[in-house]
Amino acid sequence: MTEQRRYTLTFTRDVYDSLLGALRIGESTVENAAFVVCGVSQSERETRLLAREVVEVPSEDVLYQDELTMRIAYRAALDSMNRAGRKGGTILFVHTHPAGATDFSRQDDQEEAVLAGVAGNYHPTLPFIGTAVISGPDMIRARVWTSERAPVEISRIRVVGRRLEFLVLEESSPDYDLFDRQVRAFGRDAQKVLSGLCVGVVGCGGTGSSVAEQLARLGVGRILLFDHQAVEASNVSRIHESVLGDVGSPKVEVIAKRVSAIHPSIEVRAIPRRIVELSAARELRDCDVVFGCTDDDLGRFILDRFSLDYLVPVFDMGAKIDSIKGAIRFVGCRVTRLQAGHACLSCRRSLDPERMRKDALPEEEYEQLVREGYALELDEPDPAVVPFTTVTAGLAISQFIDFLTGFRGPDADVDQVLLRFDTLDLVKSSRVGSPVCVCGRPELHGVGDRPLFLDMVWPEG
């Protein structure tokens, strides 16, 4: 049965801090207001507002304000609606309650109903508008007006920055006794967050199967598994929980069955399609976090762009062995956190354009090009050994836990880790996005849905 549609809201830390500054949180004793231009993401399960830009209310449009009330000219709202309409999104109207009231007042109900009516009458291209009240730095309530009569609570508010924080999260009742040992480490609040997460795992081979298993044992509430391949005999040496009897079965179904056996309460969805297919890529929009466990460069490029368009952090990983005739020359792994404001895989030179071109072709077409001499020879399968893929997955999960809890401290913002198994060298780094690339241009982040998904041409409609 399809879950009832929910509404959620995502900020980057920079945009949220900009909003707090515009509202003069902690400084002003009178109500203040601002508009936030938002991108919109709409899947079957969730409508997501993606905060992109804060628009302050001009002083000449503030008609009245004191510690309990505020009135603004509707032309300020119309200006912001026009701005959002040009960007294909909507607006979030935010005001403060400096006196400390944490919920919407009766006057808020009346004023916002009028604002929703203005949007419906004068800007019908907006699918809805959002409104929010902030009474402290981390105290926010928000809702969506689909008409002037029916506000719907926004049930989840995320802030993506050094950490993934949830200012509002639906009520849940995780089995704290079942996860007692990790509750002792990170507390009940962290377990509540884990139980409410939807996490995507793209690729269910050596690293992906281990990531999925660890997510299940951590108590993540919903897991989406993506992989179009079936288990081969050579996969059993590194796919966690697989056996020779699984050969020929879709990888996603094998892993989904094992995850469900670990904790039957986990909702697992097996998606036996490549992430380079539009229908599969769109499924990512329900995720709070995604793990990229594929060696498909085009798929990794798609995940990179997705993290920017939808403000969903992605942990991309890979393990590599370089050997000649059984002699090891290099064994290492990489885990990179991709998110708005941080360097993308292209800027890190982690993508191969020729491989991306190959990955975009159907296998039959690529093999034909090879036979005709128009493409590089087909790659031989890379070496892979289960201890190295498993450690890679564990490293990614440890980065994920720090991203949720901040256990390494506020200054330990490491977005890439390189580990050499042969020399035991570890290199940590963090890179901001380049201003000449989409990854370093905030005005291009959080666009959400648009006529061409991720602004790409896809092989299917």
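In this text, all values refer to a predicted model and were calculated from it rather than measured experimentally. The first residue of the sequence shown is numbered 1, and numbering continues consecutively from there. Keep in mind that the numbers below use all heavy atoms, side chains included, and drop hydrogens, waters and symmetry copies.
- Here Glu44 does not pair with Arg5 in a salt bridge; the nearest charged N to carboxylate O distance is not below 4.0 Å.
- Tested against Cys204 for a side chain to side chain contact (heavy atoms under 4.5 Å, CB included), the candidates Asn235, Val211, Val231, Val252 yield a single pass: Val252.
- For Ser18 (side chain) and Asp14 (main-chain N/O), no donor-acceptor pair under 3.5 Å exists by modelled atom type.
- Annotation: the span from Asp316 atom CG to Arg337 atom CZ amounts to 13.0 Å, rounded to 0.5 Å.
- How far CZ of Phe306 is from CG of Leu303: 8.5 Å, rounded to the nearest 0.5 Å.
- Annotation: cation-pi geometry satisfied between Arg282 and Phe453 (NZ/CZ under 6.0 angstrom from ring centroid, within 45° of ring axis).
- A salt bridge links Arg217 to Glu213: one of the charged nitrogens lies within less than 4.0 Å of a carboxylate oxygen.
- A salt bridge is defined here as a Lys NZ or Arg NE, NH1 or NH2 lying under 4.0 Å from an Asp or Glu carboxylate O, and Arg156 with Asp288 meets this definition.
- In this structure, the side chains of Arg45 and Arg222 come closer than 4.5 Å at one or more pairs of heavy atoms.
- Under the 3.5 Å distance criterion, the side-chain polar atoms of Thr390 are left unmatched by any main-chain donor or acceptor of Pro387.
- A salt bridge is absent between Asp286 and Arg48; no separation between the charged side-chain nitrogens and carboxylate oxygens falls under 4.0 Å.
- Looking only at side-chain heavy atoms (C-beta outward), Val36 and Arg52 stay at 4.5 Å or farther from each other.
- In this structure, the separation between CZ on Arg285 and CG on Leu50 is 11.0 Å, given to the nearest 0.5 Å.
- Taking the side chain to side chain contact (heavy atoms under 4.5 Å, CB included) definition, one finds that Thr102 meets it with Ser135, Met139, sequence neighbours left out.
- Side-chain polar atoms of Glu283 and Ser279 form no donor-acceptor pair below 3.5 angstrom.
- Between the side chain of Ser430 and the main chain of Val414, no donor-acceptor pair closer than 3.5 Å is present.
- Arg6 and Glu46 are joined by a salt bridge, as a carboxylate oxygen and a charged side-chain nitrogen come within less than 4.0 angstrom of each other.
- The residue from Asp227, Leu224, Leu284 that alone fulfils the side chain to side chain contact (heavy atoms under 4.5 Å, CB included) condition with Val202 is Leu284.
- His123 and Thr125 share a donor-acceptor pair across their side chains, judged by distance under 3.5 Å alone.
- Note that Arg188 lies in the cation-pi zone of Tyr176, set by a 6.0 Å cut-off to the ring centre and a 45° limit from the axis.
- When atom types are taken as modelled, the side chain of Asp402 and the backbone of Arg408 share a donor-acceptor pair closer than 3.5 angstrom.
- Applying the ring-ring contact (aromatic ring centres under 6.0 Å, His included) test to Phe330 and every residue at least two apart in sequence or in another chain returns nothing.
- Smallest separation of non-hydrogen atoms from Ile129 and Ala119: CG2-CB, 3.7 Å.
- The main-chain N or O of Val335 is never found under 3.5 Å from a side-chain atom of Gln399 such that the two would form a donor-acceptor pair.
- Atom CD of Glu277 sits about 11.0 Å away from atom CZ of Phe226, to the nearest 0.5 Å.
- Side-chain contact between Leu49 and Thr8: absent, with no pair of heavy atoms (C-beta onward) separated by less than 4.5 Å.
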Inset, instruction - Give the intermediate values and the outcome of side chain to side chain contact (heavy atoms under 4.5 Å, CB included) for residues Leu308 and Leu444. - result: CA-CA 8 Å; Leu308 301 177; Leu444 300 179; over 6 Å; no
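- Side-chain N or O atoms of Tyr16 include one that pairs as donor or acceptor with a backbone N or O of Pro137 at under 3.5 Å.
- Ion pair Arg162/Asp415 not flagged as a salt bridge, since none of the NZ, NE, NH1 or NH2 atoms sits closer than 4.0 Å to an Asp/Glu carboxylate oxygen.
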Legend entry - Evaluation steps, side chain to side chain contact (heavy atoms under 4.5 Å, CB included), between Ser260 and Ile266: CA-CA 6 Å; Ser260 295; Ile266 297 174; over 6 Å; no
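- The environment of CG in Asp175 is crowded: more than 12 heavy-atom neighbours from other residues, nucleotides or ligands sit within 6.0 Å.
- Residues His445 and Tyr310 keep their aromatic ring centres 6.0 Å or farther apart.
- Within the model, atoms CD1 of Ile157 and CD of Glu165 stand 12.5 Å from one another, a figure rounded to the nearest 0.5 Å.
- Between Arg300 and Asp297, at least one side-chain nitrogen of the basic residue sits less than 4.0 Å from a carboxylate oxygen of the acidic one, meeting the salt-bridge criterion.
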Legend entry - Derivation of the salt bridge (charged side-chain N to carboxylate O under 4.0 Å, His left out) call for Arg329 and Asp322: CA-CA 5 Å; Arg329 299 195 303 178; Asp322 183 8; 3.1 Å; yes
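- To the nearest 0.5 Å, atom CD of residue Gln42 and atom OH of residue Tyr7 are 7.0 Å apart.
- Between Gln182 and Arg184, the side chains place no donor N or O within less than 3.5 Å of an acceptor N or O (distance only, hydrogens not considered).
- Two residues are said to be in side-chain contact when any heavy atoms from C-beta on lie closer than 4.5 Å; Phe11 and Leu92 meet this criterion.
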Inset, instruction - Check the pair Asp177 / Val183 against side chain to side chain contact (heavy atoms under 4.5 Å, CB included), numbers first and verdict last. - result: CA-CA 9 Å; Asp177 291 334; Val183 169; over 6 Å; no
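- Between Phe403 and Phe315, the ring-plane angle classifies as perpendicular under the 30° and 60° cut-offs.
- Between Val94 and Phe35, every side-chain heavy-atom pair lies at or beyond the 4.5 Å cut-off.
- Annotation: side chain of Ile154 is not in contact with side chain of Val168 (no heavy-atom distance under 4.5 Å).
- Side-chain contact, His342 with Ser307: no donor N or O sits under 3.5 Å from an acceptor N or O.
- When atom types are taken as modelled, the side chain of Arg238 and the backbone of Ser234 share a donor-acceptor pair closer than 3.5 angstrom.
- Thr207 and Thr389 are not linked by any side-chain donor-acceptor pair at a separation below 3.5 angstrom, with hydrogens and angles left out of the test.
- Using a cutoff of 4.0 Å between basic side-chain nitrogens and carboxylate oxygens, Arg450 and Asp309 are scored as salt-bridged.
- Considering only residues two or more places apart in sequence or on other chains, Thr405 meets the side chain to side chain contact (heavy atoms under 4.5 Å, CB included) condition with Phe186, Ala190, Ile401, Phe407.
- Comment: Lys257 does not engage Asp246 in a salt bridge, judged by the lack of any side-chain N to carboxylate O separation of less than 4.0 angstrom.
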Inset, instruction - Assess whether side chain to side chain contact (heavy atoms under 4.5 Å, CB included) is satisfied between Leu20 and Ile134, documenting all intermediate values. - result: CA-CA 9 Å; Leu20 295 180; Ile134 294 182; 4.3 Å; yes
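- Two residues are said to be in side-chain contact when any heavy atoms from C-beta on lie closer than 4.5 Å; Glu53 and Lys87 meet this criterion.
- Between Val314 and Phe291 the shortest side-chain heavy-atom distance does not fall below 4.5 Å.
- In this structure a side-chain-to-backbone donor-acceptor pair under 3.5 Å is missing from Ser172 to Pro174.
- Counting only distance, with no hydrogens or angles, the side chain of Ser434 and the backbone of Gly440 share no donor-acceptor pair below 3.5 Å.
- A donor and an acceptor atom, one from each side chain of Arg334 and Thr336, are located under 3.5 Å apart.
- Arg158 and Thr10 are linked by a side-chain donor-acceptor pair at a separation below 3.5 angstrom, with hydrogens and angles left out of the test.
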